[in-house]
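This report concerns only the one structure given below.
Atom set for the values below is all heavy atoms of this structure, side chains included, hydrogens, waters and symmetry mates excluded. In what follows, every chain begins at residue 1, and chains take the letters A, B, ... in the order their sequences are listed. Please read these numbers as outputs of a predicted model, since none were measured by experiment.
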Amino acid sequence: MRSVVLTKGVPDFSEGAVSFDEDGHLERGKTPTVMNPNDKFAVQAALQTKVRHGGHVSGMSMGPPGYADVLKEAMESVYTDDSYLLSDRELAASDTWATAITLSAGLETYQEELGDIDLVFAGFKSADGETGQTGPQTAWAMDWPIVTHVIALDIDPDDRRLRAKRLVEGDVDEIETVEAPLPCMVVTDPEFEPTYRKASHRLTHKRLRAETEERAADHDEHLTTWSQEDLNLDPDYIGLDGSPTIVSSVDPIPKAPSEREATMIDPDDGDAMEPVLEELQPFAGSD
Amino acid sequence: MSGEPADREHYEAVVVGCGPGGAAAAARLAEHGVETLVLERGVEAGSKNVSGGLVYAEESAPYTLDDLFEGFREEAAERPVTDYQIHNIAGNKVKSYDLTDLHEHDTDWCDAVLRRKMDAWLEQRVHEKTSETGGGVLTNVRVNGLLREDGEIVGVTCDELDPIEADLIVAADGVNSELARDAGLMDWEEPDEWFQGVKAVVDMDPDVVNDRFDLDEDEGAAHLFSGDLFSDVRGGGFLYTNEDSLSIGTVFHLDSLVAEQAEPHELLDALLTHPVMAHWLGDEYDEREYGAKLVPDSKKVAHREPYRDRLVLVGDAAGQMQAQGPIIKGMNHAVTGGALAADAFAITRGNADPEAAGRRYAKLLEESGTMDKLRPRRYDLSRAVGERDVVTNAVERVLDSRVGSLALGNPVADRVLKRAYNSPFLVSMLPDTRTGYVTVPAIVGEEHGRTIHWENDVEPPSLEARIGGLTYDTDVGNPHIELLDDSAAASEAAVYACPVSADDFGGGCYRTEQVQTNGDEETVVSLDTQPCVECGTCAIVADTAWEHPRGGKGVEYREG
Ligand SMILES: Cc1cc2nc3c(=O)[nH]c(=O)nc-3n(C[C@H](O)[C@H](O)[C@H](O)COP(=O)(O)OP(=O)(O)OC[C@H]3O[C@@H](n4cnc5c(N)ncnc54)[C@H](O)[C@@H]3O)c2cc1C
Ligand code: SF4
């Protein structure tokens with residue numbers, strides 16, 4: 001089994017980490033980059049595949065050199081074997097379309113250099129862009145089948161097929177079971193849960209954790225960076241030039257007034273409570 | 001489908017539980033080259049366990065912890081015991097005897113331990129050893145029963161994993177072993193077969209420990225307490241020094257706790273607030289953790305044939321917990337039991353008879369002298385007489401009388417008593433009656449004791465605060481204990497005996513309510529397992545369907 005998990009960095013929106021300027025615009029420079037939260041489920045799916053069937057899992061990301069940290073995080077948390085960063089000034093400001101073209105070029109290059117890929121895992125939507133398009137567009141560019149909204153996954157390596165449970169949201173949520181041939185792209189749902197019901201799987205999981213801790217400590221040794229040239233990409237199809245999407249403007253969401261007028265009243269203080277009770281009177285039941 | 005016989009997982013040996021018994025069994029199995037899987041329900045080994053705890057390495061024992069695990073004393077233990085005393089208490093009068101002779105009898109070394117640290121350390125070593133032979137340790141996995149085929153035990157079933165087959169199954173799952181019960185080898189019926197231990201770990205700077213107990217860095221103290229400070233409840237207290245804390249606790253006969261309707265946490269408080277503790281505890285009392293656990297009484301329950309099919313029981317699961325008078329030896333015997341079970345399997349490996357290992361194990365327990373320590377035949381013989389009420393009552397009456405007190409109170413008796421306390425033979429024969437635990441120590445204290453005038457300012461935390469200080473991962477909506485009979489007659493004892501419940505306390509596990517039925521008022525018992533510390537008491541004293549929580553769920557001890 002050979003899998004690649006696609007991941008990207010997003011600003012760390014958690015409290016204390018995120019930084020906004022006076023106009024409420026995100027300050028990217030001051031806000032640390034972390035792995036896109038939804039990608040965690042994709043990496044879990046990749047890990048489950050590796051634990052159950054063995055093989056090789058690589059992390060791949062497109063973005064500025066700082067995204068190497070995200071790939072390192074993938075290595076630490078879910079034990080990828082190595083990392084590939086597609087990074088070049090020319091790639092900056094790509095929309096989902098240009099990103100998908102770049103990622104598919106990255107996957108092609110990977111196949112040429114390292115061998116055929118059986119599975120590509122991607123997370124559902126990113127925390128900053130929220131489009132949910134990159135996965136499907138990449139699969140389209142690779143001409144692979146794609147299974148989205150995956151919450152549980154079983155692979156039959158001999159038959160070269162996968163069976164997945166998909167969470168289909170509608171008026172009522174439904175769970176659908178689908179099959180697909182390998183190679184295939186799998187987009188995980190945030191409800192994805194890896195399951196390890198064999199002792200041997202859990203032992204492998206534990207062994208991988210110990211091994212990877214050491215590997216992640218010198219992540220640079222396991223990181224390969226590919227530029228536009230390495231990827232053999234036509235500049236017209238990538239970066240800003242290759243991005244048909246135009247973001248006309250971003251409107252800040254108006255802030256709710258944060259403080260209301262409030263008077264503190266001690267509930268044991270009868271006199272002070274009097275007006276409160278009067279205020280409430282109209283809302284009291286009639287009997 | 002997974003879990004069907006065809007693709008079932010198989011290991012040569014599965015060890016359930018990673019306390020001292022399981023750790024010893026697994027380490028020894030790995031040394032024999034056996035593929036060994038260890039399953040532990042805690043998030044980490046030790047997170048479910050409480051001991052006093054002094055680990056003994058007996059000179060006569062076939063195995064000790066440092067034989068099996070190099071570096072154990074340096075890395076996993078606290079302080080060695082270099083000062084050992086027992087205090088007989090009557091009111092504010094205390095008579096102390098040096099117990100060094102008893103303590104040193106057959107003792108190679110003896111160290112205080114805290115179970116989280118100790119067991120977590122053992123888990124690491126066991127994982128390293130068992131990984132080399134194709135296995136390893138898995139935490140967060142609870143074994144919930146035995147896997148049988150045509151009525152024969154062939155493996156285990158778990159909450160978290162598909163069924164697993166094994167040639168040897170070692171139940172090292174401690175007191176309230178679900179596997180021993182499932183196999184029909186142990187029952188959970190009689191309160192008089194158990195003790196209940198309750199313990200507080202008290203924070204203390206190492207320098208303060210050294211100063212207050214007059215110790216060097218690499219020395220430690222052990223103090224035992226008996227007499228009338230626990231009213232009439234049969235049992236005693238202990239205090240052991242750790243590196244930067246104290247372990248203070250009580251161990252009582254469960255039947256006595258039930259009979260006296262005693263509240264375990266109050267008995268612990270009686271010890272903590274007694275004047276004898278004043279200068280050790282000082283005026284800043286900082287309790288790190290409150291914990292409790294049942295302890296089997298090997299004299300009554302150590303199983304002479306602890307096996308069935310491929311299953312063997314070791315340690316507390318087999319009742320291998322020896323109360324040698326005031327000295328409690330469970331961990332060391334669990335280690336012996338575990339290692340001998342592993343040896344028995346290695347010797348009989350390949351034998352077609354599934355019970356070959358079990359039979360050999362029972363034989364090794366006998367031949368090594370372990371069984372005779374745990375369950376002396378002479379005790380079985382004397383028990384019938386020693387405990388007969390008539391005899392006991394007669395002795396009690398004499399002792400309580402002026403003549404009796406005088407006899408115990410004279411200077412010769414003082415010397416004889418000290419010798420008696422230090423005699424391993426005598427203490428192992430003490431009948432489990434009030435006489436040994438309360439009457440004699442109280443008279444000794446009264447007649448020979450020195451009155452203590454120290455002021456003890458300790459204010460132990462309330463039960464609510466103690467529960468609040470514990471860490472839980474509650475399995476919401478999936479309680480592990482079910483109350484089968486909520487009548488007062490069947491289950492009210494748990495309201496008192498449960499260490500995290502109390503009469504008139506609404507925040508505990510067990511409580512009583514008055515309900516009106518047809519004009520009559522009736523007391524019913526109710527249960528909320530959230531604050532449960534999984535001690536096992538209510539499995540015995542109340543009418544329950546009792547299981548351990550799923551892997552990783554429930555209480556998590558940080559000290560133990
Ligand atoms: C207050 C107190 C004071 C004590 N003082 C001393 C002392 O000073 N010296 C001494 O030697 N002994 C002492 N003991 C007794 C001692 O703690 C026990 O005898 C000893 O821990 C027994 O070891 P064991 O390996 O058999 O079981 P345990 O140490 O209880 O280990 C059992 C393990 O199995 C795990 N387990 C249980 N059920 C399952 C399941 N279904 N699936 C998976 N895992 C499971 C548990 O989580 C645990 O880790 C004391 C006990 C108490 C309560
Ligand atoms: S509910 Fe039962 S097992 Fe839990 S702490 Fe109370 S007595 Fe012990």
Using a cut-off of 6.0 Å, state whether more than 12 heavy atoms not belonging to [X] lie near its atom [atom1].
| X | atom1 | result |
| --- | --- | --- |
| B:E75 | CD | yes |
| B:E74 | CD | yes |
| A:D271 | CG | no |
| B:E70 | CD | no |
| A:R163 | CZ | no |
| B:E464 | CD | no |

So which heavy atom on B:D162 is nearest to which on A:K198, and how close?
-> OD2-NZ, 3.7 Å
Which atoms form the tightest heavy-atom contact between B:I164 and A:A199, and what is the distance?
-> CD1-CB, 4.0 Å
Heavy-atom distance under 4.5 Å to chain A: side chain of B:V141, backbone, both or neither?
-> side chain
Spatial distance of atom OG (B:S131) from atom NZ (A:K206) [nearest 0.5 Å] | 7.0 Å
Sub-4.5 Å side-chain heavy-atom contact between A:R202 and B:L161 | yes
Candidate pair A:S200 and B:E9, rule side chain to side chain contact (heavy atoms under 4.5 Å, CB included), full reasoning = CA-CA 8 Å; A:S200 58; B:E9 275 189 288; 3.1 Å; yes
Most contact-rich option vs chain A, by heavy-atom pairs under 4.5 angstrom, among B:L138, B:L37, B:V137, is B:L138
